[in-house]
Novice: 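Have a look at this one.
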Amino acid sequence: MIRCAVLDDYQQVAKSIADWASIEDRVEVTVFHEHMADEDELAAALAPFEIIVIMRERTPFRAPLLARLPNLKLIVTTGMRNASVDLEAAAARGVVVSGTSGLSSHTAELTWALILGLARNIVQEHGAVRQGMWQSTLGTDLCGKKLGVLGLGKLGGRVAKIGLAFGMEVAAWSQNLTQERADEAGVRLAGSKEELLAESDFVSIHLVLSDRTRGLIGAEQLKLMRPDAYLINTSRAPIVDQAALAQALREGWIAGAGLDVYETEPLPKDHPFRTLPNVLTTPHLGYVTKDNYRVFYQDAVDDIRAFLEGAPIRRLA
Ligand SMILES: NC(=O)c1ccc[n+]([C@@H]2O[C@H](COP(=O)([O-])OP(=O)(O)OC[C@H]3O[C@@H](n4cnc5c(N)ncnc54)[C@H](O)[C@@H]3O)[C@@H](O)[C@H]2O)c1
Ligand SMILES: O=C(O)[C@H](O)CO
């Protein structure tokens, strides 16, 4: 039997959500529900396995860990982009890395959950109702307000479209955004990042993390935002200087933030984002839906079958 490990199945759904029975005559699957952060623990637990299925970027596979996994032949990661797998080191060890497809609506929808949650103080009001109170905050209308979208790719484009449906004025900016793409999305191309930050009621980040986008929003940029504006980041934490963001929230440079992504995940227990009253946090839930997991895990099973049969496989570049 080929041994396969499935990592970080926090919700304990990996086995039931896909058709593993179709490969059970050849593959013995062990599912790990708890996150293992320690490299020694990972190396010891994973050394016997030929195949490892990983959920997004929860457990990094860099050269030192890969070197300690002598039996490893295939890594299946969910999605087709995973910055925490060292593809070169894997190739050097003869380990194939494949990816899965996935849906693209999920994170745009979570972005709107955060925007709506912030605009209508949903979490505070829910808590207050539970404690016997009635109407303790004033909400903000979205219709007629300005939404600034940083990065107009798949998710940014979808978020912009929903903003238009709410009757918002939508502008977008990124270093490589063209007038043609802005026209196609039906939004205004902002003259500069600074202009977009200064004028928006809600700024939502949908850039990929790269050398050009790391630290794109620091203290200087946060100070350009209005004190009644909100920042939403469901993209990647290091695009925003995290210490500057905590200061901005503490000192009221902006009204609040909706965050799904963090520099260290899981977010450390004593991190200020866990307690600041004007932060709405979700634990990197953008992609965590039944519908998307069904696609992720079924594709993982299909990748494993293809690999075992020598059929073409979706390799990560
Ligand atoms: N929270 C979640 O669970 C979740 C789920 C899926 C994706 N994401 C993140 O959302 C982000 C957007 O994903 P997507 O699928 O829309 O990606 P995409 O590739 O379709 O779009 C990314 C955007 O970034 C821009 N961009 C790329 N490189 C750039 C650079 N060097 N400088 C400036 N702009 C640049 C692109 O032009 C585009 O507008 C990514 O960071 C992704 O990791 C988060
Ligand atoms: O980029 C993504 O797909 C999500 O953030 C999960 O890692």
Side-chain angles (χ1 to χ4, degrees), residues 7-11 35 53-61 76-85 99-115 148-163 170-185 187 189-190 192-193 196-197 203-217 221 231-240 257-267 273 280-293 295-297 299-300 316-317:
L7 299 194
D8 297 308
D9 177 23
Y10 302 159
Q11 290 87 0
H35 179 64
V53 177
I54 60 180
M55 176 51 74
R56 302 303 305 124
E57 297 170 359
R58 289 174 185 171
T59 296
F61 278 78
V76 183
T77 174
T78 55
M80 283 306 290
R81 185 161 61 191
N82 190 330
S84 64
V85 176
T100 71
S101 58
L103 305 176
S104 59
S105 49
H106 43 73
T107 301
E109 292 173 15
L110 183 85
T111 301
W112 278 99
L114 291 172
I115 294 176
V149 176
L150 288 171
L152 204 56
K154 288 188 286 300
L155 291 172
R158 241 184 139 86
V159 166
K161 199 169 170 185
I162 299 170
V170 185
W173 180 89
S174 79
Q175 273 163 338
N176 48 10
L177 181 58
T178 60
Q179 185 64 54
E180 197 185 5
R181 170 70 187 130
D183 290 346
E184 183 195 20
V187 308
L189 172 59
S192 65
K193 173 180 66 178
L196 180 134
L197 290 168
V203 173
S204 195
I205 301 175
H206 301 286
L207 298 160
V208 287
L209 179 62
S210 70
D211 290 343
R212 275 200 291 163
T213 61
R214 187 178 296 275
L216 194 79
I217 311 283
Q221 290 72 31
L231 181 72
I232 292 90
N233 190 2
T234 57
S235 199
R236 283 292 179 266
I239 295 170
V240 183
L259 304 176
D260 189 46
V261 287
Y262 310 91
E263 220 147 42
T264 306
E265 296 184 6
L267 187 63
F273 293 155
L280 183 53
T281 52
T282 45
H284 205 148
L285 285 187
Y287 63 101
V288 183
T289 65
K290 288 188 219 75
D291 312 271
N292 196 42
Y293 268 39
V295 178
F296 273 172
Y297 281 119
D299 276 6
L316 257 65

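Atoms within a ligand are numbered from 1 in the order they appear, just like the ligands themselves. Computed from a predicted model, the values in this text were never measured in an experiment.
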Novice: Can any side-chain N or O of K193 pair as donor or acceptor with the backbone N or O of L216 at less than 3.5 Å?
Specialist: yes
Novice: Give me the nearest non-hydrogen protein atom to atom 15 (O) of ligand 1 as residue plus atom name, then the distance to 0.1 Å.
Specialist: K154 CE, 3.5 Å
Novice: Hey, does the side chain of T213 reach the backbone of I239 with a donor-acceptor pair shorter than 3.5 angstrom?
Specialist: no
Novice: Determine yes or no for a side-chain-to-main-chain donor-acceptor pair under 3.5 angstrom, with N292 supplying the side chain and L103 the backbone.
Specialist: yes
Novice: Within the 4.0 Å heavy-atom shell around G286, which atoms of ligand 1 are there?
Specialist: 1 (N), 2 (C), 3 (O)
Novice: Tell me: protein heavy atom nearest atom 32 (N) of ligand 1, and distance?
Specialist: Q175 OE1, 3.1 Å
Novice: For L152, counting its heavy atoms only, list the atoms of ligand 1 lying under 4.0 Å from any of them.
Specialist: 39 (O)
Novice: Quick check against the 3.5 Å criterion: does E57 have a side-chain atom that pairs as donor or acceptor with the backbone of A83?
Specialist: yes
Novice: H106 side chain to G286 main-chain N or O, any donor-acceptor pair under 3.5 Å?
Specialist: yes
Novice: Looking only at the side chains, is there a donor atom on one of T234 and T111 sitting less than 3.5 Å from an acceptor on the other?
Specialist: yes
Novice: Return the residue, atom name and 0.1 Å-rounded distance of the protein heavy atom closest to atom 44 (C) of ligand 1.
Specialist: T234 O, 3.1 Å
Novice: List the closest protein heavy-atom neighbour of atom 37 (O) of ligand 1: residue, atom name, distance to the nearest 0.1 Å.
Specialist: N176 OD1, 3.0 Å
Novice: What is the nearest protein non-hydrogen atom to atom 12 (C) of ligand 1, stated with its residue, atom name and distance?
Specialist: H206 O, 3.4 Å
Novice: Would you kindly specify which portion of T107 sits under 4.0 Å from ligand 1, judged on non-hydrogen atoms: side chain, backbone, both or neither?
Specialist: side chain
Novice: Under 4.0 Å, counting heavy atoms only: does R81 come that close to any atom of ligand 1?
Specialist: yes
Novice: Could you list which atoms of ligand 1 come closer than 4.0 Å to a heavy atom of S210?
Specialist: 30 (C), 31 (N)
Novice: Apply salt bridge (charged side-chain N to carboxylate O under 4.0 Å, His left out) to R181 and list each qualifying residue two or more places apart in sequence or on a separate chain.
Specialist: E184
Novice: Taking atom 41 (O) of ligand 1 as the point of reference, which of L110, L207, L209 owns the nearest heavy atom?
Specialist: L207
Novice: Measure up the Y10 and H35 rings against each other and bin them: parallel (under 30°), tilted (30 to 60°), perpendicular (over 60°).
Specialist: perpendicular
Novice: Report the relative orientation of the aromatic rings in Y293 and Y297; use parallel for angles under 30°, tilted for 30 to 60°, perpendicular for over 60°.
Specialist: perpendicular
Novice: How close does the nearest protein non-hydrogen atom get to atom 30 (C) of ligand 1, and which residue and atom is it?
Specialist: R212 NH2, 3.6 Å
Novice: The test is side-chain contact (heavy atoms from CB on, under 4.5 Å); show your working for L110 and T282 and say whether it passes.
Specialist: CA-CA 9 Å; L110 183 85; T282 45; 3.7 Å; yes
Novice: Residue by residue, ordered by chain and number, which ones reach under 4.0 Å of ligand 2 with a heavy atom?
Specialist: R56, R236, H284, Y287
Novice: For D8, what residues pass the salt bridge (charged side-chain N to carboxylate O under 4.0 Å, His left out) criterion, not counting sequence neighbours?
Specialist: none
Novice: With heavy-atom distances below 4.0 Å as the criterion, list the atoms of ligand 1 near H284.
Specialist: 1 (N), 2 (C), 3 (O)
Novice: Side chain or backbone, does H106 bring an N or O within less than 3.5 Å of an N or O on ligand 1?
Specialist: no
Novice: Which atoms of ligand 1 sit under 4.0 Å from any heavy atom of T213?
Specialist: 30 (C), 32 (N), 33 (C)
Novice: Show the atoms of ligand 1 that are less than 4.0 angstrom away from any heavy atom in R236.
Specialist: 41 (O), 43 (O), 44 (C)
Novice: Hey, is the main chain of R56 close enough, under 3.5 Å, to the side chain of N82 for a donor-acceptor pair?
Specialist: yes
Novice: Where the closest heavy atom to atom 24 (O) of ligand 1 is concerned, which of N82, V208, V261 has it?
Specialist: V208
Novice: Give me the nearest non-hydrogen protein atom to atom 21 (O) of ligand 1 as residue plus atom name, then the distance to 0.1 Å.
Specialist: G153 CA, 3.4 Å
Novice: Tell me the contacting part of S235 for ligand 1: side chain, backbone, both, or neither, using a 4.0 Å heavy-atom threshold, strictly below.
Specialist: both
Novice: For the pair T100 and V295, evaluate side-chain contact (heavy atoms from CB on, under 4.5 Å) and give the outcome as yes or no after the intermediate values.
Specialist: CA-CA 8 Å; T100 71; V295 178; 5.9 Å; no
Novice: Kindly indicate, with the supporting measurements, whether the criterion side-chain contact (heavy atoms from CB on, under 4.5 Å) is fulfilled by R214 and L209.
Specialist: CA-CA 6 Å; R214 187 178 296 275; L209 179 62; 3.7 Å; yes
Novice: Check the side chains of S174 and N176 for a donor-acceptor pair under 3.5 angstrom, ignoring hydrogens and angles.
Specialist: yes
Novice: Check salt bridge (charged side-chain N to carboxylate O under 4.0 Å, His left out) between R158 and all other residues, then give those that pass, not counting sequence neighbours.
Specialist: none
Novice: Which atoms of ligand 1 are found less than 4.0 Å from any heavy atom of G151?
Specialist: 39 (O)
Novice: How close does the nearest protein non-hydrogen atom get to atom 7 (C) of ligand 1, and which residue and atom is it?
Specialist: L155 CD1, 3.5 Å
